[in-house]
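These numbers come from the heavy atoms of this one structure, side chains and all, not from hydrogens, waters or symmetry mates. Whatever order the structure lists ligands and atoms in, that order sets their numbers, starting from 1.
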Amino acid sequence: MKLLVTGGAGFIGSNFIRYMYQKYPDYLIINLDSLSYAGNLENLRDIVEQDQKKDKRYTFVKGDIADSKLVNTIVEQGVDGIVNFAAESHVDRSIDNSRIFIETNILGAQVLLDAGLRHNVSRFIQISTDEVYGSLGPTGLFSETTPLAPNSPYSASKAGADLLTRSYFETFGLSTIITRCSNNYGPYQFPEKLIPLFITNALEDTQLPLYGDGLNVRDWIFVEDHCTAIDKVLHHGRPGEVYNIGGNCEKTNKEITMTLLQQLDKPQSLINYVKDRPGHDRRYAIDCSKLCTELGWSQQYDFQQGMQRTVTWYLENKPWWQRIKTGEYLDFYKRWYEER
Ligand code: NAD
Ligand code: TDX
């Protein structure tokens with residue numbers, strides 16, 4: 001199988017490529033990534049080294065998924081499946097400036113869908129998010145039939161791409177599948193998201209900016225479990241369907257923070273309650289029974305095991321995140337937190 005993976009230099013995309021490369025020794029993988037602030041070729045250095053020595057079945061292409069000419073040049077060479085991870089992925093940035101979210105997340109998806117259709121790709125997987133469903137009250141779960149009600153420019157752009165993906169199945173018969181996963185954590189996550197930001201801040205003895213009352217709830221899943229779920233969907237999912245993916249692990253942000261401080265042996269005085277994120281969704285929780293019963297997926301990591309692996313990885317890979325934290329992304333954060 002020849003796979004085009006987009007956004008493979010980011011957090012989940014790089015974990016997915018590593019997983020697929022090791023699991024399927026005969027698969028060819030093309031990674032198309034524009035190397036935005038969140039893309040990092042370091043994330044796949046081990047795979048590149050292994051591949052250059054032996055297999056020669058991994059290719060990196062630097063480019064934009066919204067570049068129709070480039071995308072068509074890649075896909076016309078014979079691609080069996082497209083897995084679209086490429087996105088602007090951070091809610092806070094979408095509140096700061098939403099334009100690029102529309103360009104990449106919606107227009108980019110449209111270019112990929114068109115190329116998939118034109119060149120008869122047999123599988124198109126759109127990697128979406130539980131955030132498209134909006135916010136839950138204290139009870140209930142998101143199912144695949146929950147109406148879409150996105151609340152941030154980020155989630156609105158992802159919902160737009162979902163609807164477009166659905167339309168390519170309904171109108172043209174392109175074999176599309178949408179996955180909607182809950183919050184991921186694990187190795188190589190960019191330290192702007194809650195868990196890696198708080199781990200790395202705590203290791204530097206700097207403050208942990210907890211939004212609002214710290215009681216917003218997310219459903220956490222270890223990134224490798226997300227990858228195994230996408231593998232199932234890619235090979236066995238039904239075209240035209242949506243599959244929710246979740247970790248069955250609801251935690252408040254405060255609980256996450258306390259767990260991290262305890263694991264790192266750092267004081268609670270590092271917590272700094274700051275102004276809430278505008279439009280902050282209160283609670284996400286996922287019903288992924290369709291994926292489990294239909295495709296036989298189950299998660300391998302509980303929260304404790306996943307967090308142990310994650311914290312250990314950040315402790316052992318300080319140069320990886322220290323380089324990032326002294327770079328461009330701090331400018332965004334300086335502005336963001338000055339307002340709080
Ligand atoms: P990330 O920000 O770490 O990585 C995104 C990658 O996409 C980067 O490598 C970046 O360079 C690349 N990219 C951005 N714009 C591009 C463009 N125009 N053309 C080509 N490449 C481009 O994001 P992530 O956390 O790994 O998320 C990956 C996907 O999974 C996204 O679609 C996101 O919406 C979805 N998702 C993420 C989570 C989560 O918890 N992180 C949960 C559910 C779904
Ligand atoms: O500094 C912070 N302080 C804080 O309290 C940050 C960065 C976050 N938070 C809160 C906001 C959320 O309630 O922590 C929670 C998690 O925040 P993020 O890590 O920014 O993730 P979230 O907004 O939930 O979105 C993530 O999950 C779904 C990903 O970024 C999305 O790409 C994915 O679709």
Side-chain angles (χ1 to χ4, degrees), residues 5-16 31-41 43-44 61-67 70-71 83-95 100-101 103-105 107-109 111-112 126-132 135 150-152 154-155 157-158 161-162 179-186 188-198 201 207-221 223 226 230 244-247 251-254 256-257 271-277 279-284 286 333 336-337 340:
V5 178
T6 68
F11 163 48
I12 307 173
S14 62
N15 277 283
F16 179 73
N31 174 10
L32 171 63
D33 196 299
S34 63
L35 300 182
S36 76
Y37 78 94
N40 185 350
L41 288 178
N43 297 3
L44 282 169
V61 180
K62 182 177 184 308
D64 188 339
I65 56 164
D67 178 345
L70 173 67
V71 167
V83 186
N84 181 27
F85 291 94
E88 287 294 329
S89 67
H90 192 38
V91 173
D92 294 340
R93 285 177 183 260
S94 79
I95 295 167
I100 185 78
F101 286 74
E103 289 166 359
T104 291
N105 299 2
L107 294 177
V111 166
L112 291 169
Q126 172 63 15
I127 305 300
S128 187
T129 166
D130 59 357
E131 298 202 15
V132 298
S135 187
N151 291 319
S152 71
Y154 161 71
S155 52
S157 70
K158 294 296 288 185
D162 283 14
T179 61
R180 297 192 180 129
C181 189
S182 59
N183 284 59
N184 286 222
Y185 65 98
Y188 300 101
Q189 187 166 29
F190 195 85
E192 65 183 353
K193 308 285 164 52
L194 179 75
I195 288 181
L197 179 72
F198 280 20
N201 279 11
Q207 294 195 333
L208 314 184
L210 203 46
Y211 297 164
D213 60 7
L215 298 181
N216 296 62
V217 173
R218 297 292 182 264
D219 174 355
W220 295 93
I221 183 171
V223 63
H226 188 185
I230 297 167
N244 281 350
I245 305 170
K251 303 266 178 215
T252 65
N253 296 332
K254 196 173 166 188
I256 297 281
T257 308
I271 299 176
N272 181 19
Y273 286 92
V274 296
K275 197 170 139 192
D276 209 354
R277 170 188 279 174
H280 196 175
D281 288 334
R282 191 61 172 171
R283 176 172 165 261
Y284 303 146
I286 275 269
Y333 274 91
W336 179 257
Y337 289 118
R340 289 180 149 69

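Distances from atom 14 (C) of ligand 1 to the heavy atoms of Ala86, Ala87, Gly7 put Ala87 nearest. Nearest-residue assignment for atom 38 (C) of ligand 1 (options Thr129, Ile12, Thr6; heavy-atom criterion): Ile12. The closest heavy-atom contact to atom 33 (C) of ligand 2, among the options Tyr273, Tyr154, Tyr211, comes from Tyr154. Of the candidates Val217, Asn184, Asn272, Leu194, Leu194 brings a heavy atom nearest to atom 19 (O) of ligand 2. Between the choices Ile12, Asp92, Asn183, the shortest heavy-atom distance to atom 21 (O) of ligand 2 belongs to Asn183. In the candidate list Arg277, Arg218, Lys193, Arg277 is nearest to atom 23 (O) of ligand 2, counting heavy atoms.
Where the criterion is an N or O separation shorter than 3.5 Å, residue side chain and backbone included, Ser36 meets it with respect to ligand 1. Residue Asp33 places at least one N or O, backbone or side chain, under 3.5 Å from an N or O of ligand 1. Inclusion of Asn216 in the set of residues having an N or O under 3.5 Å from an N or O of ligand 2 is not warranted. Where the criterion is an N or O separation shorter than 3.5 Å, residue side chain and backbone included, Glu88 fails it with respect to ligand 1. The N/O atoms of Asn184, backbone and side chain alike, include one that comes under 3.5 Å of an N/O atom in ligand 1. At least one N or O atom of Asp64 sits closer than 3.5 Å to an N or O atom of ligand 1. Polar contact check, Asn253 against ligand 2: a nitrogen or oxygen pair lies under 3.5 Å apart. Taking any N or O of Leu210, backbone or side chain, none lies under 3.5 Å from an N or O belonging to ligand 2. Between Ile65 and ligand 1, an N or O atom pair is found at a separation short of 3.5 Å. Residue-to-ligand polar distances place Ser34 within reach of ligand 1: an N/O pair is separated by less than 3.5 Å. Considering both main-chain and side-chain atoms, Leu32 never comes within under 3.5 Å of ligand 1 through any nitrogen or oxygen pair.
Residue contacts with ligand 1 include Ser128, since one or more of its heavy atoms lies under 4.0 Å from the ligand. For Ala66, the closest heavy-atom approach to ligand 1 does not fall below 4.0 Å. The closest approach between Ser182 and ligand 1 falls below 4.0 Å for a heavy atom of the residue. Residue contacts with ligand 1 include Tyr154, since one or more of its heavy atoms lies under 4.0 Å from the ligand. Residue contacts with ligand 1 leave out Phe190, since none of its heavy atoms falls under 4.0 Å from the ligand.
Interface of Asn183 with ligand 1, defined as ligand atoms under 4.0 Å from a residue heavy atom, comprises 40 (O). Those atoms of ligand 2 with a heavy atom of Val91 less than 4.0 angstrom away are 23 (O). Counting the atoms of ligand 2 from 1 in the order shown, those under 4.0 Å from a heavy atom of Thr129 are 28 (C), 33 (C), 34 (O). Listed by number with element, the atoms of ligand 2 under 4.0 angstrom from any heavy atom of Glu192 are 7 (C). Within ligand 2, counting atoms from 1 as listed, the ones closer than 4.0 Å to a heavy atom of His90 are 20 (O). The contact set between ligand 1 and Thr104, taken as ligand atoms under 4.0 Å from a residue heavy atom, comprises 15 (N), 16 (C), 17 (C), 18 (N). Every atom of ligand 1 is numbered from 1 in the order shown, and the set under 4.0 Å from a heavy atom of Gly63 is 19 (N), 20 (C). Below 4.0 Å from some heavy atom of Phe85 lie the following atoms of ligand 1, by number and element: 28 (C), 29 (C), 31 (C), 32 (O). Below 4.0 Å from some heavy atom of Leu35 lie the following atoms of ligand 1, by number and element: 11 (O). Ligand-side atoms of ligand 1 in range of Lys158: 31 (C), 32 (O), 33 (C), 34 (O), range being under 4.0 angstrom from any heavy atom. The ligand atoms of ligand 1 that sit less than 4.0 angstrom from a heavy atom of Ser89 are 1 (P), 2 (O), 23 (O). Those atoms of ligand 2 that come under 4.0 Å of a heavy atom in Pro209, given as number and element, are 1 (O), 2 (C), 3 (N), 4 (C), 5 (O).
A 4.5 Å side-chain heavy-atom check between Ile245 and Ile286 finds every atom pair outside the cut-off. The side-chain heavy atoms of Asn183 and Ile195, taken from C-beta on, include no pair separated by under 4.5 Å. The shortest distance between side-chain heavy atoms of Asn40 and Phe190 does not fall below 4.5 Å. In this structure, Tyr188 and Val223 have side chains that are not in contact, with every pair of non-hydrogen atoms separated by 4.5 Å or more. Between Glu88 and Ser36 there is a side-chain heavy-atom pair separated by less than 4.5 Å. Looking at Tyr284 and Glu131, their side chains come closer than 4.5 Å, going by heavy atoms from C-beta outward. Taking the side chain as every heavy atom from C-beta outward, Phe101 and Tyr154 approach each other to under 4.5 Å. Under the 4.5 Å side-chain criterion, counting only non-hydrogen atoms from C-beta, Val274 is not in contact with Gln207.
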Report the C-alpha separation of Glu192 and Tyr37 in whole Å, then their side-chain angles, then the decisive distance to 0.1 Å, and conclude whether the side chain to side chain contact (heavy atoms under 4.5 Å, CB included) test is met. CA-CA 11 Å; Glu192 65 183 353; Tyr37 78 94; 2.8 Å; yes
Show, in sequence, the C-alpha distance, side-chain angles and deciding distance for Val61 and Leu70, and conclude whether the side chain to side chain contact (heavy atoms under 4.5 Å, CB included) test is met. CA-CA 9 Å; Val61 180; Leu70 173 67; 4.1 Å; yes
Please test Leu194 against Tyr185 for side chain to side chain contact (heavy atoms under 4.5 Å, CB included), starting from the C-alpha separation and ending with a verdict. CA-CA 9 Å; Leu194 179 75; Tyr185 65 98; over 6 Å; no
Any chance you could lay out the side chain to side chain contact (heavy atoms under 4.5 Å, CB included) test for Ile127 and Val83, step after step, and finish with the verdict? CA-CA 7 Å; Ile127 305 300; Val83 186; 3.9 Å; yes
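At the top of the distance list for atom 25 (O) of ligand 1, counting protein heavy atoms only, stands Phe11 CD2, 3.7 Å. From the protein, the heavy atom lying nearest to atom 30 (O) of ligand 1 is Ile127 CG2, 3.5 Å.
When non-hydrogen atoms are compared, ligand 2 lies under 4.0 Å from neither the backbone nor the side chain of Leu208. Counting heavy atoms closer than 4.0 Å to ligand 2, residue Glu131 contributes side-chain atoms (C-beta onward) but none from N, CA, C or O. Contacts between Lys158 and ligand 2 below 4.0 angstrom, taking non-hydrogen atoms only, are absent altogether.
Looking at Asp213 and Arg282, a side-chain N of the basic residue comes within less than 4.0 Å of a carboxylate O on the acidic one, giving a salt bridge.
Exactly one residue among Asn84, Val111, Asn105 makes a side chain to side chain contact (heavy atoms under 4.5 Å, CB included) with Ile65. That residue is Asn84.
To the nearest 0.5 Å, atom OG of residue Ser157 and atom CD of residue Glu103 are 11.5 Å apart. In this structure, CG on Asn216 lies 12.0 Å from CD1 on Ile256, to the nearest 0.5 angstrom. Put simply, CZ on Arg283 and OG on Ser135 are 9.0 Å apart, with the number rounded to the nearest 0.5 Å.
Under the 30°/60° scheme for interplanar angles, the aromatic rings of His280 and Tyr211 are found to stand perpendicular.
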